[in-house]
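Report on the structure given below.
Note that the structure is a prediction, hence the values are computed from the model and not measured.
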2 protein chains.
Amino acid sequence: MPKTFGQALRDIRRAKNLSQRELAQKTGVDFSYISKIENDRLPPPAADTIVKICEILDVPPEQLLALTGKVPSEVTETIGTSAAAIQFIRDAQAMKLTEEEWQRLGRQLRRLRR
Amino acid sequence: MPKTFGQALRDIRRAKNLSQRELAQKTGVDFSYISKIENDRLPPPAADTIVKICEILDVPPEQLLALTGKVPSEVTETIGTSAAAIQFIRDAQAMKLTEEEWQRLGRQLRRLRR
DNA sequence: AAAAGAGTTGACTTTCAACTCAACATTTCT
DNA sequence: AGAAATGTTGAGTTGAAAGTCAACTCTTTT
């Protein structure tokens, strides 16, 4: 069973020795909100808020994002404005790619320009 | 200057010889809404509504979607649940891929399983 | 010309995500 | 123990997306 978003967040926050209030204040949300999130009383924050939180906690946002199924607005905008990109994702979806295959594509991506 | 969403929709709808009312009814929205959309009085519909409209009009949704920068929920869910996929898109974004490069990646995608 | 069909417009509504506020409980420090 | 810090909970707010509804006008058909 994978960790819930709340559990994951709590673990990271504790590892960084921050109180809910500190994290909340630096992130710009109410501290009681952090509490509810950590206890999974509310659904995870908006994607952009998650990114902010991760900046404060100084961790990459991908892991937490993936737990929520949400996509940050910068990413949405990237693919949203390209018909070929949307098509690409559609095809990838139909193939049900594994994480390894995505990574392999990532390497091919880098080779694209060489 | 690229076509607006409203212009593009209107062109397609007319090409298919449908009235606003017909399209609206089959799509499940109010006909006055179609009017406003076509005249760009309101922002484009939700991504999933665009997909529905395209089904009724019998055209692939990518072109219209790309005009809006929106992403259908099925696509969001696909990439949203995979950290590697998000990472991939991030990298692609940083590289500012062209449409052709996206298509090239699409071909590599198909070769992935062979 | 009158009726039907098609399109436009302003005002309003509904729904929901994403929180905040205030009060209370629990834990930790001195 | 008392105070300070930290965490939890229920209720309420806010803003924006995504439309609807009713009334009107313009166009076409008979």
Look for any protein N or O under 3.5 Å of an N or O in nucleotides 26-30 of chain C and output each such pair with its distance, or none.
none

Under 3.5 Å, is there a donor-acceptor pair linking the side chains of B/Gln7 and B/Asp11? no

Residues B/Arg10 and B/Asn39: closest non-hydrogen pair is NH1-OD1, 3.6 Å

Under the 3.5 angstrom rule, does the side chain of B/Glu22 hit a backbone N or O of B/Ser19 as a donor-acceptor pair? yes

Donor-acceptor pair, B/Glu62 side chain versus A/Gln87 backbone, under 3.5 Å? no

Close approaches to DNA chain D from residues 61-81 of chain B, in residue order (heavy atom, under 4.0 Å): B/Lys70

Looking at B/Gln108, B/Arg107, B/Arg113, which one forms a side chain to side chain contact (heavy atoms under 4.5 Å, CB included) with B/Arg110? B/Arg107

Rounded to the nearest 0.5 Å, the CD atom of A/Gln20 sits from the OG atom of A/Ser32 at a distance of 9.0 Å

Students should find this one: the first and last nucleotides of DNA chain D, 5' to 3', lying under 4.0 Å from a heavy atom of chain B. What are they? D/dA18 to D/dA22

Backbone N or O of A/Thr76 within a donor-acceptor pair of the B/Lys70 side chain at under 3.5 Å? no

Whether over 12 other heavy atoms sit under 6.0 Å from B/Arg90 CZ: yes

Those residues of residues 25-56 of chain B lying under 4.0 Å from DNA chain C by at least one heavy atom: B/Phe31, B/Ser32, B/Ser35, B/Lys36, B/Asn39, B/Arg41

Could you tell me whether a side-chain N or O of A/Ser35 sits under 3.5 Å from a main-chain N or O of A/Phe31, the two making a donor and an acceptor? no

Can you check whether B/Pro72's main-chain N or O pairs, donor with acceptor, with B/Asp48's side chain at less than 3.5 Å? no

Quick one: label A/Arg14 by what it contacts on the DNA or RNA (base, sugar-phosphate, nothing), any heavy atom closer than 4.0 Å. nothing

Would the base of C/dG7 count as contacting B/Arg21 through its side chain, where contact means a donor and an acceptor less than 3.5 Å apart? yes

Would you find a donor on one side and an acceptor on the other, under 3.5 Å apart, between the side chain of B/Thr78 and the backbone of B/Glu74? yes

Is the backbone N or O of A/Pro45 less than 3.5 Å from a side-chain atom of A/Thr49, with the two atoms forming a donor-acceptor pair by type? no

In the hydrophobic cluster built from side-chain contacts under 4.5 Å, what are the other members alongside A/Phe5? A/Leu9, A/Ile12, A/Leu18, A/Leu23, A/Val29, A/Tyr33, A/Ile34, A/Ile37, A/Leu42, A/Ile50, A/Val51, A/Ile53, A/Ile56, A/Leu57, A/Val59, A/Leu64, A/Leu65, A/Leu67, B/Ile86

Distance (rounded to the nearest 0.5 Å) between A/Glu99 CD and A/Glu101 CD: 10.5 Å

What distance do A/Leu109 atom CG and B/Leu105 atom CG have between them, rounded to the nearest 0.5 Å? 6.0 Å

Using rotation axes that map the C1' atoms of four end pairs onto the next four (five pairs an end), what angle separates the end axes of the helix from C/dA1-D/dT30 to C/dT30-D/dA1, to 10°? 10°

